[in-house]
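Hydrogens, waters and symmetry mates are skipped; everything else that's a heavy atom, side chains included, is used.
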Amino acid sequence: MNTPQVHCNINEKAFSRTIFFTRLLVGLVLLYVSVGCLLFYREFLVNAAGMGISSTLAMGAVIAELFLALLLILGWYTRWAAGIAVLCTGILGVVFFASNFNKVYIALLILLIAALLPAALLGPGRISIDFARARSRVENEFRG
């Protein structure tokens with residue numbers, strides 16, 4: 001019995017636009033989270049001290065989150081930035097809410113992970129610095 005061969009044709013322009021808008025929105029959410037931690041830095045640092053986390057480490061995570069958001073928006077080191085952003089956002093959320101989890105925070109963290117998965121697994125798409133760098137590497141290699 002022959003099984004039919006089914007292929008999935010993907011519109012690459014639509015895929016790249018979708019990944020770009022996903023990266024842009026997630027990057028803006030990460031900026032919102034990190035700026036919120038900076039605006040309410042007293043509560044953030046008091047919560048970190050109460051959990052036994054040094055203030056230097058806590059503020060380092062906030063600064064890392066800012067840079068990760070910018071990397072995601074630009075599409076530079078996208079896969080690494082998406083993976084690390086999930087970890088940093090989880091840490092910042094735990095410190096900001098002082099380990100007092102509510103259902104809304106958990107739901108938002110799951111949505112953030114779901115939004116970061118396509119960029120982490122499939123790559124940044126054509127609208128990114130990663131794609132431009134890869135294209136220039138390939139063109140330089142074929143020039144000889």
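- The side-chain heavy atoms of L121 and R79, taken from C-beta on, include no pair separated by under 4.5 Å.
- By the neighbour-count criterion of 12 heavy atoms within 6.0 Å, atom CZ of F15 is densely surrounded, having more than that number from other residues, nucleotides or ligands.
- In this structure, the separation between CG on L30 and CG on L25 is 11.0 Å, given to the nearest 0.5 Å.
- Taken from CG in N11 to OG1 in T18, the straight-line distance is 9.0 Å, to the nearest 0.5 Å.
- Heavy-atom minimum distance, C88 versus A64: SG-CB, 4.3 Å.
- When the side chain to side chain contact (heavy atoms under 4.5 Å, CB included) test is applied to F131, the partners found at least two apart in sequence or on another chain are R126, S128, R135.
- Clustering ILVMFWY residues whenever any of their side-chain heavy atoms sit less than 4.5 angstrom apart, transitively, puts I106 in the very cluster that holds V33.
- A continuous path of ILVMFWY side-chain contacts below 4.5 Å connects M51 to Y41, so both sit in one hydrophobic cluster.
- Side-chain atoms of D130 never come within 3.5 Å of backbone atoms of G123 as a donor-acceptor pair (strictly under, hydrogens ignored).
- Side-chain contact between L112 and L108 is absent, with no heavy-atom pair separated by less than 4.5 Å.
- Counting heavy atoms from C-beta on, the side chains of L74 and R23 never come closer than 4.5 Å.
- Taking all atoms of both residues into account, the shortest heavy-atom contact from E65 to A85 is OE1-O, 4.1 Å.
- Atom CG in L122 sits 9.5 Å away from atom CG in L117 (nearest 0.5 Å).
- A donor-acceptor contact shorter than 3.5 Å is absent between the side chain of S16 and the backbone of K13.
- Hydrophobic clustering of Ile, Leu, Val, Met, Phe, Trp and Tyr side chains at less than 4.5 Å, counting indirect connections, keeps L109 apart from L111.
- Within the model, atoms CD1 of I63 and CG of L38 stand 5.5 Å from one another, a figure rounded to the nearest 0.5 Å.
- Evaluation of the side chain to side chain contact (heavy atoms under 4.5 Å, CB included) rule for F96 yields C37, F40, F44 as partners, not counting sequence neighbours.
- Hydrophobic clustering (side-chain heavy atoms under 4.5 Å, transitive across Ile, Leu, Val, Met, Phe, Trp, Tyr) groups L28 together with F20.
- Between L116 and L72 the shortest side-chain heavy-atom distance falls below 4.5 Å.
- Closest approach of L45 to A58, counting heavy atoms only: CD2-CB, 4.4 Å.
- Atom CG of L68 and atom OG1 of T78 lie 11.0 Å apart (nearest 0.5 Å).
- With contacts defined as side-chain heavy-atom distances shorter than 4.5 Å, the pair L31/L66 qualifies.
- I84 and I110 fall into different hydrophobic clusters, where Ile, Leu, Val, Met, Phe, Trp and Tyr are joined by side-chain heavy atoms under 4.5 Å apart, directly or via other members.
- If you take CD1 on I53 and CD1 on I91, they are separated by 8.0 Å, rounding to the nearest 0.5 Å.
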